[in-house]
Amino acid sequence: MSIRYEVISEDNVFCIKDLCNELMAYQKSIAHIHPEFFDNMRFETRMIPSIKSAKANYIIVAKDGDEIIGYAYSNISPKEIYSKGFATLDCDSFFDLDSVKSHDVGCLSQIYIKEGYRNKGIGSVLFEKSMDWLRSFKSISDIFIFVSNGNDNALKFYLNKGFKMSHQILDGFIIVLRLFIA
Ligand SMILES: CC(C)(COP(=O)(O)OP(=O)(O)OC[C@H]1O[C@@H](n2cnc3c(N)ncnc32)[C@H](O)[C@@H]1OP(=O)(O)O)[C@@H](O)C(=O)NCCC(=O)NCCS
């Protein structure tokens, strides 16, 4: 198996629509706290609004031949967009805005590898390339990852890569992971 990695433009994001929806369904299937929160989450309500509200977006896909078998989506956004919930989720704030030194924050928003391609190092490559992109923004001091409950594999994956558990929001629906970079 020879996997190729390709950065795609925002205009071509529709090519990962199905994988994005698979990720939402997967997260719902393993969540035990408020799985119904995923009912409104799909490509059109999660990915598209994120892309539009961000200052910069980075979408990288992994391909086996012509087939896209995984992707990661990251963005740089003004921290204020996290102050009133996010996308389809209403809550007070995703994190304490005052604890973030910079005006913008980085977020590794979505990462998904198709079943059958997991545990082969592909997610790690997408993760590292996304982190390189996020770290290239000297204006940000923090990178966040929001992991939904029940996803212990993903949690372990991120903790092994240096992210720290910060806090939980929405009754434990989301675990907030954080990495200080400046
Ligand atoms: C979580 C996810 C993105 C990780 O991607 P992945 O390609 O499976 O991850 P990797 O293979 O790079 O790493 C997984 C483990 O295999 C190990 N590994 C790395 N390279 C490897 C290789 N060549 N061969 C075997 N194992 C390898 C890693 O050390 C890692 O162990 P760790 O989790 O204990 O650190 C992927 O499993 C996935 O898409 N899961 C479903 C969706 C999901 O949960 N997304 C996250 C939403 S927050």
Side-chain angles (χ1 to χ4, degrees), residues 1 3 5 7 16 18-39 41-43 46-47 50 57-64 68-77 82 85-89 91 93-96 99-100 105-137 140-182:
M1 179 172 35
I3 301 296
Y5 299 91
V7 175
I16 55 167
D18 290 348
L19 287 188
C20 173
N21 286 333
E22 268 182 42
L23 170 61
M24 300 303 142
Y26 172 79
Q27 292 179 121
K28 180 176 179 179
S29 74
I30 54 176
H32 47 89
I33 301 168
H34 292 309
E36 74 282 2
F37 283 0
F38 282 106
D39 290 344
M41 291 192 206
R42 55 186 186 279
F43 177 77
R46 274 290 306 275
M47 190 106 188
S50 275
N57 294 292
Y58 181 77
I59 307 157
I60 180 160
V61 300
K63 282 182 162 180
D64 183 6
I68 297 178
I69 54 87
Y71 74 96
Y73 165 52
S74 307
N75 60 51
I76 302 288
S77 305
Y82 295 101
F86 183 61
T88 57
L89 296 172
C91 68
S93 183
F94 267 43
F95 48 80
D96 175 10
S99 74
V100 177
V105 294
C107 178
L108 180 54
S109 178
Q110 298 176 17
I111 182 163
Y112 184 72
I113 310 294
K114 260 174 120 63
E115 214 180 342
Y117 288 91
R118 294 177 195 156
N119 294 312
K120 298 177 193 301
I122 300 170
S124 294
V125 173
L126 292 177
F127 175 91
E128 292 304 338
K129 288 181 183 291
S130 302
M131 290 299 291
D132 287 349
W133 180 81
L134 287 162
R135 284 178 187 279
S136 74
F137 288 82
I140 63 166
S141 59
D142 300 78
I143 299 172
F144 288 93
I145 300 178
F146 306 109
V147 183
S148 53
N149 72 89
N151 201 348
D152 298 341
N153 286 342
L155 198 56
K156 192 171 128 236
F157 176 80
Y158 298 130
L159 294 176
N160 282 345
K161 295 187 183 309
F163 274 78
K164 300 276 180 264
M165 208 138 22
S166 172
H167 59 284
Q168 300 190 2
I169 53 174
L170 292 155
D171 309 329
F173 176 69
I174 280 178
I175 299 141
V176 179
L177 304 184
R178 182 169 182 168
L179 184 72
F180 295 98
I181 56 167

**Request:** Give a yes or no on whether the backbone of V100 and the side-chain of D142 come within a donor-acceptor separation of less than 3.5 Å.
**Result:** no

**Message:** So L108 and F127, do their side chains get closer than 4.5 Å, heavy atoms only?
**Reply:** yes

**Ring-ring centroid check Y82 F146, cutoff 6.0 Å** = yes

**Message:** Over 60° means perpendicular and under 30° means parallel, so tell me whether F95 and F144 are parallel, tilted or perpendicular.
**Reply:** parallel

**Prompt:** Can a cation-pi geometry be assigned to K161 and F157, taking NZ or CZ under 6.0 Å from the six-membered ring centre and within 45° of the ring axis?
**Reply:** yes

**Request:** Considering non-hydrogen atoms only, spot the tightest contact between G106 and I76 and give its length.
**Result:** CA-CD1, 4.0 Å

**Prompt:** Are there more than 12 heavy atoms of other residues, nucleotides or ligands under 6.0 Å from atom CD of E115?
**Reply:** no

**Asked** Any donor and acceptor pair, going by atom type alone, linking the side chain of R118 with main-chain N or O of I113 inside 3.5 Å?
**Response** yes

**Item:** Distance-minimising heavy-atom pair for F43 and C20
**Value:** CA-SG, 3.8 Å

**Request:** Count the heavy atoms of every other residue, nucleotide or ligand shown that sit under 6.0 Å from NZ of K28, and state whether that count exceeds 12.
**Result:** yes

**Request:** Decide yes or no on side-chain contact (heavy atoms from CB on, under 4.5 Å) for N57 and N75, but give the supporting numbers first.
**Result:** CA-CA 4 Å; N57 294 292; N75 60 51; 3.5 Å; yes

**Prompt:** So how far is it from L177 CG to I143 CD1, rounded to the nearest 0.5 Å?
**Reply:** 12.0 Å

**Item:** N149 side-chain N/O to H32 backbone N/O, donor-acceptor pair under 3.5 Å
**Value:** yes

